[in-house]
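A quick write-up on the structure given underneath.
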Amino acid sequence: MSGLIWGGVDCQRLAEEYGTPLYVYDSGIIRSRCREIRETFLARWVNTRARYASKAFMTRAMVKLIQDEGLGLDVVSYGELQTALSVNFPTERIEMNGNAKSREEIELAVNSGVGRIIVDHPDELRVIEEYARRAGRSQKILIRVAPGVDAHTHSYISTGQTGSKFGFPEEGPMLRDAIRYAQESEHIDFRGLHFHVGSQLFDPQDHLKAIGKVTGLMRDLKNEMNVLIRELNFGGGFGAVINPSIQSVKLEDFTDPMMKMLYAKCEEYNLEVPRAIIEPGRWIVSEAGITIYRVENIKELPKVTYIAVNGGMSDNPRYALYQAEYEAVSVKEPNAPAYDRDGGTHVSVVGKCCESGDILIENAKLPRLEAGDLIALYNTGAYTFSMSSSYNRLLRPAVVFVERGKSKLVVERESIEDMLKGDLI
Ligand code: LLP
């Protein structure tokens, strides 16, 4: 039986070379997602753009890859923006989101010349105006709206519902006053609207509902205030599947119906079709990533077997936060059948953090393992490295890119020196 291969590389060898836990990304898969975006969205529909939501997974090598693939970047913080700037990512292809932007973040965004700031609060407008005036330019903005759609996903990753902390309510004076302010300002160039309904969605119904609402809003804004919406950002949210044997979400299964609806509604309401922008994060990276762990020990209790590994919620908090489902395989024998100790026992893969909630997989299907064996979790490319912590002073794992049989270290494993740096007595 052959061992697990990822991006053409033997995972056993990767673990020996780089240690564990280890985040491994098949950069070929990431590139093929970018290609799918170009071919089935950007080339198929005129006047469209795609921005990678870097919160899903950001390293400098990842930013470079996105740059090579010709997409833009969505950033939400000083750190994300500085990371993009550190590799000279073309700033006009960067957009800045965020519901609580600081003055420093807005200052950096305006001064570095980001393509769009997505405004999430009326107060931002004055700050943008101030820095744009000082820089002697006009800053292009979109305004984020909450389209009042309750997305079919975990409540923590649903963002477009009425009462959300994100965006301006569609109804009422907050949005209208902001648009008026932006239009009257010499230093703000109001281009249109933005929404993001939520994350990890498997069919386009929530996006379609939102497009229905927002095109209705566009019609109202035109009638009420003669406002022209030239750009509409649909956000991200396209889902990722838990193992490579399951058919991935096809982007066009979302974007074709979304674009058709946009065209139909614009025709019905007699509106110009705005530029359409998508902002996927998870769909681009999640399935490209796996995490390799070493089994530290196995505890067989009457009703449950705990497989404890050398990482956990510190490198992947997604079960602890959202009860996210994962699947694991043995690196040595990825196709081996699941071992059932005495019929119906429960197997949990747990981490080494001091919390009962430090679970990676609640009900794992794994062969019989021993301490020292390696396992790999699939579909861990999104929101793992980017949400990692140093809880229990665990050192953050390294990140490796693999493609066509070659591996490349892109983030070094954190060292104890890194951890103690800046920690003063
Ligand atoms: N655009 C905006 C404005 C967003 O807030 C997000 C995600 C995205 C795009 C990208 O969404 P995606 O395509 O990745 O679904 N930590 C959670 C996910 C939080 C998503 C937050 N916003 C998780 O681990 O599931």
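- Classified by interplanar angle (parallel below 30°, tilted 30° to 60°, perpendicular above 60°), the ring pair W45/Y263 is tilted.
- The salt bridge (Lys or Arg N to Asp or Glu O under 4.0 Å) analysis of residues 197-218, with sequence neighbours excluded, yields the pairs D206-K209.
- For E252 and R44, the salt-bridge test passes: some basic side-chain N is under 4.0 Å from an acidic carboxylate O.
- Ring-centre distance between F57 and Y23: not below the 6.0 Å cut-off.
- Of the inter-residue distances, the one linking R144 atom CZ with L142 atom CG reads 11.5 Å to the nearest 0.5 angstrom.
- In this structure, F166 has its ring center no closer than 6.0 Å to that of H196.
- A salt bridge links E287 to R33: at least one charged side-chain nitrogen sits closer than 4.0 Å to a carboxylate oxygen.
- E403 is linked by a side-chain hydrogen bond (donor to acceptor under 3.5 Å, both in side chains) to S27, R31, counting only residues two or more places apart in sequence or in another chain.
- Put simply, the residue from D373, D315, T20 that forms a side chain to side chain donor-acceptor pair (under 3.5 Å) with Y293 is D315.
- Side-chain contact check for H194 and E95: no donor-acceptor pair (N or O, by modelled atom type) lies under 3.5 Å.
- Heavy-atom neighbours of E267 CD from other residues, nucleotides or ligands within 6.0 Å: at or below the threshold of 12.
- Between R134 and E107 there is no salt bridge, since no side-chain nitrogen of the basic residue lies less than 4.0 Å from a carboxylate oxygen of the acidic one.
- Using a cutoff of 4.0 Å between basic side-chain nitrogens and carboxylate oxygens, D418 and K421 are not scored as salt-bridged.
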